[in-house]
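The structure appears below as structure tokens.
If you read the sequence from its start, that first residue is 1, and numbering goes on from there.
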Amino acid sequence: MEQLVNKYSDKLVQAKLGDISGLSQPLIGGLDDTLVWNRKADEIPVLENVFKGLNINSLVFLRPKEPYGSIIRFLAETALRSNGLIQPRDCETRTFLHDLPVVNEFCPDKIIHALKKRKSVIIAPEKNNKNFKGPAIIAHGIVSPEQGFITISSVCFASFIKFFTGYLEALQQGLATADEHHLFDSIVPFLEPIQKALPKFIPYPFPNEEIVYSAIIEAGKKTVEYGLVDSFFGNVSYFWNGTLYISQTGSSLDELSGCIDPVPMDGSTSAGLTASSELCAHLETISRTRCKAILHGHPKFCVILSMDCDPVEKAACNFKEQCHIKCPKKRFVNCTPIVPGEVGTGPLGLCHTLPLALTQANAAIVYGHGLFTIGKNNFSDAFQTMLEIENLCYNTYFEKIGLLRKTL
């Protein structure tokens with residue numbers, strides 16, 4: 001357990017959600033024969049009481065670094081003035097988090113109450129509170145600290161998407177507040193610079209199955225390293241010798257060794273039972289496009305722009321609560337189509353919308369979900385496309401903001 005709590009503390013730092021020291025240093029506790037922590041901290045007595053009130057084996061506590069800290073504080077303070085919930089609209093939140101509860105005290109009873117209903121809770125006391133500095137996120141794991149790490153990563157992602165999406169909508173509607181303007185201006189300097197240099201990939205052709213596995217593992221790692229996906233979301237696949245090799249559901253893209261399923265295209269085995277939930281979309285895409293490589297990530301500004309809608313059209317829309325699965329309008333970012341679709345199969349699954357879109361372009365954005373790119377033979381092309389489209393979405397977003405702010 002000691003090794004695990006240290007591993008996921010390091011991963012939060014690598015993901016640039018926490019720091020190796022200071023206020024944003026992660027605090028993780030794991031219960032095996034005894035309760036162990038990755039470091040000493042003043043918060044431990046309260047968190048130990050949380051352990052006693054829940055049937056869990058781990059807790060992850062983080063005061064997220066910027067820009068996440070300021071974003072979460074702003075959203076949390078807004079939530080506390082209404083129903084105590086932050087309610088993002090991205091795919092991860094809809095399918096995994098549902099909503100983000102907020103409490104205003106670092107109190108075991110309130111934390112336990114929230115964690116009995118949800119995977120995380122945000123602590124957001126008043127700014128002048130001398131006893132506890134927030135905001136902080138607490139998430140639990142039933143099996144491993146890995147679960148808390150996944151949840152906290154998702155909370156930070158969802159909060160980022162919610163603020164930047166909401167700020168654009170507020171500007172379009174002429175409703176942006178002084179506080180929103182101030183927060184936007186204060187956090188923009190913390191955003192990661194656009195990356196343009198491409199990494200090197202194992203060159204095509206892949207002579208044997210071992211190289212195929214190595215190429216998929218490499219592609220997953222680089223997608224995480226470039227910040228194009230959180231490690232536990234997204235998926236990677238490659239078609240070779242009549243078989244689709246695809247990352248398993250719930251696998252970490254930066255740790256894919258042993259987590260890749262070979263799925264014959266003829267359906268002759270049940271190997272796909274543990275494959276990504278988007279297996280059907282991958283199989284149909286391979287069949288329709290004859291590509292070999294597929295990358296799926298969650299680049300932040302691709303997700304943000306996928307949810308951008310003209311306020312006038314939105315007011316008249318009949319699918320306001322079901323945009324992600326029923327949006328009838330053909331939308332694009334430049335030449336990249338934006339399509340609706342649920343994760344997995346079913347009548348509204350993205351297995352019906354995504355493959356068709358990828359027959360017309362080498363990439364497609366799924367509403368509130370992320371970006372899929374294809375490569376004819378290798379991951380280099382798919383990765384380059386993903387990076388270029390995220391850079392385009394980043395620039396497009398800030399151009400929209402600049403134009404709207406000029407009209408204020």
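- In this structure a side-chain-to-backbone donor-acceptor pair under 3.5 Å is missing from Ser287 to Leu283.
- Looking at heavy atoms from C-beta onward, Glu105 lies out of side-chain contact with Ile123 at the 4.5 angstrom threshold.
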Open item on the list: Test side chain to side chain contact (heavy atoms under 4.5 Å, CB included) on Lys11 and Phe232; report intermediate values, then the result.
Closed with: CA-CA 11 Å; Lys11 290 199 76 164; Phe232 279 84; 4.2 Å; yes
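- Remark: the Glu2 side chain and the Asn38 side chain contain no N/O donor-acceptor pair separated by less than 3.5 Å.
- Rounded to the nearest 0.5 angstrom, Ser237 OG and Asp261 CG are separated by 12.0 Å.
- Using a 4.5 Å heavy-atom threshold, the side chains of Ile260 and Ile246 count as separate.
- Relative to the six-membered ring of Phe160, Lys300 meets both conditions, a distance below 6.0 Å and an angle of at most 45° to the axis.
- Looking at heavy atoms from C-beta onward, Leu100 lies in side-chain contact with Pro88 at the 4.5 angstrom threshold.
- No side-chain donor-acceptor contact under 3.5 Å links Ser21 and Gln25.
- No side-chain heavy atom of Asn104 sits under 4.5 Å from any side-chain heavy atom of Glu126.
- In this structure, Lys119 and Phe96 have side chains that are in contact, with non-hydrogen atoms separated by less than 4.5 Å.
- Ring planes of Phe164 and Phe398: perpendicular class, angle over 60° (limits at 30 and 60°).
- Between the side chain of Glu180 and the main chain of Thr177, a donor-acceptor pair closer than 3.5 Å is present.
- With contacts defined as side-chain heavy-atom distances shorter than 4.5 Å, the pair Pro64/Ile72 qualifies.
- Panel note: side chain Ser306, backbone Val303; a donor-acceptor pair is recorded below 3.5 Å.
- Under the 4.0 Å criterion applied to side-chain N and carboxylate O atoms, Arg81 and Glu77 are not assigned as salt-bridge partners.
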Val343 vs Val366, test: side chain to side chain contact (heavy atoms under 4.5 Å, CB included). Steps then yes/no.
CA-CA 10 Å; Val343 174; Val366 179; over 6 Å; no
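- Taking NE2 of His296 as the reference point, atom CE of Met386 lies at 8.0 Å (rounded to 0.5 Å).
- When only modelled atom types and interatomic distance are considered, Gln384 and Glu388 share a side-chain donor-acceptor pair under 3.5 Å.
- Checking side-chain atoms of Gln147 against main-chain N and O of Ser144 turns up a donor-acceptor pair under 3.5 Å.
- The side-chain heavy atoms of Val229 and Pro299, taken from C-beta on, include no pair separated by under 4.5 Å.
- By the neighbour-count criterion of 12 heavy atoms within 6.0 Å, atom CD of Gln360 is densely surrounded, having more than that number from other residues, nucleotides or ligands.
- The aromatic rings of Trp37 and Phe51 stand perpendicular to each other, their planes meeting at an angle above 60°, with 30° marking the opposite boundary.
- For Asp90 and Thr93, the side-chain atoms include at least one donor-acceptor pair closer than 3.5 Å.
- Between atom CD of residue Gln14 and atom OG of residue Ser9 there is a gap of 9.5 Å, rounded to the nearest 0.5 Å.
- Side chain of His298 to main chain of Leu228: no donor-acceptor pair is present (N/O by atom type, distance under 3.5 Å, no hydrogens or angles).
- Under the 3.5 Å distance criterion, the side-chain polar atoms of Glu146 are left unmatched by any main-chain donor or acceptor of Tyr8.
- Residues Glu390 and Phe301 share a closest heavy-atom pair of OE2-N, 3.0 Å.
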*asked:* Before you tell me yes or no, could you show the steps for Asp308 and Lys400 under salt bridge (charged side-chain N to carboxylate O under 4.0 Å, His left out), namely the whole-Å CA-CA distance, both residues' side-chain angles and the distance that decides it to 0.1 Å?
replied: CA-CA 11 Å; Asp308 177 32; Lys400 283 176 174 277; 3.1 Å; yes
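- The number of heavy atoms from other shown groups lying within 6.0 Å of NE2 (His182) does not exceed 12.
- Asn362 and Lys376 are not linked by any side-chain donor-acceptor pair at a separation below 3.5 angstrom, with hydrogens and angles left out of the test.
- Using modelled atom types, one side-chain atom of Trp240 and one backbone atom of Phe206 make a donor-acceptor pair closer than 3.5 Å.
- Comment: Glu48 does not engage Lys52 in a salt bridge, judged by the lack of any side-chain N to carboxylate O separation of less than 4.0 angstrom.
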| request: Using the salt bridge (charged side-chain N to carboxylate O under 4.0 Å, His left out) rule, take Arg405 and Asp185 through it: C-alpha gap first, then chi angles, then the decisive distance, then the call. | output: CA-CA 12 Å; Arg405 288 182 58 155; Asp185 291 339; 2.9 Å; yes
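- Although no hydrogens or angles enter the test, the distance criterion places no donor-acceptor pair under 3.5 Å between the side chain of Asp32 and the main chain of Thr34.
- Inter-residue side-chain proximity for Tyr226 and Pro199 is flagged as met; some heavy-atom pair is nearer than 4.5 Å.
- With hydrogens and angles ignored, the 3.5 Å screen pairs no side-chain donor or acceptor of Glu342 with any backbone N or O of Ile325.
- A distance of 10.0 Å separates CG of Leu387 from OG1 of Thr223, quoted to the nearest 0.5 Å.
- Taking all atoms of both residues into account, the shortest heavy-atom contact from Leu256 to Gly220 is CD1-CA, 4.3 Å.
- Listed here is the closest heavy atom pair of Ile286 and Cys291: CD1-O, 3.2 Å.
- Going from atom OG1 of Thr373 over to atom CD1 of Ile294 covers 9.0 Å, rounded to the nearest 0.5 Å.
- The shortest heavy-atom contact between Gly29 and Leu35 is C-CD1, 4.2 Å.
- At a threshold of 4.0 Å, the pair Asp254-Lys221 does not count as salt-bridged, since none of the basic side-chain nitrogens sits closer than that to a carboxylate oxygen.
- Paired with Tyr238 under the rule ring-ring contact (aromatic ring centres under 6.0 Å, His included), one option of Tyr204, Phe379, Phe201, Tyr245 passes, and it is Phe379.
- The aromatic rings of Phe372 and His369 lie perpendicular to each other, with more than 60° between the two planes, well past the 30° mark.
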Should Asp99 and Arg118 be marked as a side chain to side chain contact (heavy atoms under 4.5 Å, CB included) after you check the CA-CA gap, both sets of side-chain angles, and the distance that decides it? CA-CA 8 Å; Asp99 51 47; Arg118 290 290 183 261; 2.9 Å; yes
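- For the pair Ile338 and Leu305, the tightest heavy-atom approach, listed with the atom from each and the gap, is CD1-O, 4.1 Å.
- For Arg63 and Phe132, the positive end sits near the middle of the six-membered ring, less than 6.0 Å away and at most 45° from its axis.
- Of all non-hydrogen atoms in Leu358 and Thr289, the two that sit nearest each other are O-CG2, 3.4 Å.
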task = Given side chain to side chain contact (heavy atoms under 4.5 Å, CB included), test His181 with Leu171 step by step and report yes or no.
result = CA-CA 10 Å; His181 294 315; Leu171 282 172; 3.6 Å; yes
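- Panel note: side chain Asn378, backbone Asp381; a donor-acceptor pair is recorded below 3.5 Å.
- Note that CD of Glu92 and NE2 of His98 are 13.0 Å apart. Values are rounded to the nearest 0.5 Å.
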